[in-house]
Amino acid sequence: MTRPLDQIRPYLRLAGFEYVAYMVEFEHDWPLASALIERWRIKSHTFYLPCGKMTITLQDVAYQLGLRIDGDLVSGCISGWEQHHQGRTIEEFCEQILGVVSSLEDKQSQMKWIMKLTWFHNTVCGELEQETTEEHLLRYTRGYIMQLIEGILFSDAYDSRVHIRWLPLLEDLETCGQLSWGLAVLAWLYCQMASLGKRPIRSHCIEIQPREMIRPVI
């Protein structure tokens with residue numbers, strides 16, 4: 001991903017993702033992240049360091065990513081899609097809020113719920129003209145946020161794809177900005193850390209200036 005265009009920054013701010021966008025240029029310290037992971041204890045969600053026990057808090061998420069930590073919960077429903085989206089199919093929904101519909105080649109393993117991030121980057125977030133419509137900017141912003149969600153906030157070992165369940169949350173960017181994305185990100189990070197013994201982990205949120213993210217456990 002690249003830095004967001006100045007044209008979409010007001011929309012990213014409205015949706016609550018303006019500061020997260022700066023993470024696309026962050027240089028990760030993988031050795032430091034690995035050292036922290038080795039000291040993580042799943043049962044207590046705590047780092048055991050020579051200086052004491054420390055953990056990651058909601059305050060850290062809000063400070064580092066600028067995400068809201070209060071407000072409505074981030075949730076959604078895939079079962080009975082049309083019932084929950086005014087009778088619109090997935091294709092109709094994508095056409096309405098993104099302006100395009102993906103082909104089978106753009107889906108992961110031919111599943112209608114899983115999309116390749118490259119499709120959002122190459123198709124939805126194509127080159128913008130200097131003078132473009134607000135609707136085009138909104139569609140571009142939604143595609144950019146979908147990349148942020150899977151590429152940075154909720155990334156895992158398979159972060160080349162993104163689930164379509166996030167898309168309805170971006171239909172109204174102002175409403176999106178009222179959701180507690182920080183709470184969802186921290187919960188996801190804890191779940192990823194808990195799976196360390198089961199499979200490799202790759203979550204960019206662990207590498208966000210970890211020396212400043214950790215706080216003493218009182």
Worksheet item: Met115 versus Ile164: any side-chain heavy-atom pair under 4.5 Å?
Response: yes
Worksheet, complete the sentence: Between Cys125 and Gln147 the two heavy atoms that sit nearest each other are SG-NE2, 3.4 Å
Worksheet item: Considering the options Tyr140, Trp119, Tyr144, which one meets the side-chain contact (heavy atoms from CB on, under 4.5 Å) requirement together with Val124?
Response: Trp119
Worksheet item: Side chains of Arg139 and Ile97: closer than 4.5 Å at any heavy-atom pair?
Response: no
Worksheet item: Do we get Arg41 above Tyr48's six-membered ring, with its NZ or CZ under 6.0 Å from the centre and within 45° of the axis?
Response: yes
Discussion item. So does Thr118 get a backbone contact from the side chain of Asn122, meaning a donor-acceptor N/O pair under 3.5 Å?
Written reply: yes
Worksheet entry | Any Leu153 side-chain heavy atom under 4.5 Å of Leu65 side chain | yes
Discussion item. Can you confirm whether Leu12 sits close enough to Pro4 that some side-chain heavy atom of one is under 4.5 Å from a side-chain heavy atom of the other?
Written reply: yes
Worksheet item: Under the 3.5 angstrom rule, does the side chain of Trp181 hit a backbone N or O of Cys176 as a donor-acceptor pair?
Response: yes
Item to complete: First locate atom CD of Gln178, then atom CG of Asp72, and finally report the distance between them rounded to the nearest 0.5 Å.
Response: 8.0 Å
Fill in: Leu98 side chain near Phe93 side chain, heavy-atom distance below 4.5 Å
no
Response to the item:
Output for pair (Leu183 CG, Ile69 CD1), nearest 0.5 Å, gives 8.5 Å
Item to complete: Answer yes or no: is there a side-chain heavy-atom contact under 4.5 Å between Cys94 and Leu167?
Response: yes
Practice prompt. With sequence neighbours excluded, tell me which residues meet salt bridge (charged side-chain N to carboxylate O under 4.0 Å, His left out) with Arg9.
Written response: Asp6
Show me the donor-acceptor pairs within less than 3.5 Å that the side chains of residues 14-23 make with the rest of the protein, sequence neighbours left out.
residue, atom, partner, partner atom, Å
Glu18, OE1, Arg13, NE, 2.9
Glu18, OE2, Arg13, NH2, 3.2

Worksheet item: Counting only N and O atoms by type, is there a donor-acceptor contact under 3.5 Å from the side chain of Arg142 to the main-chain atoms of Leu170?
Response: yes
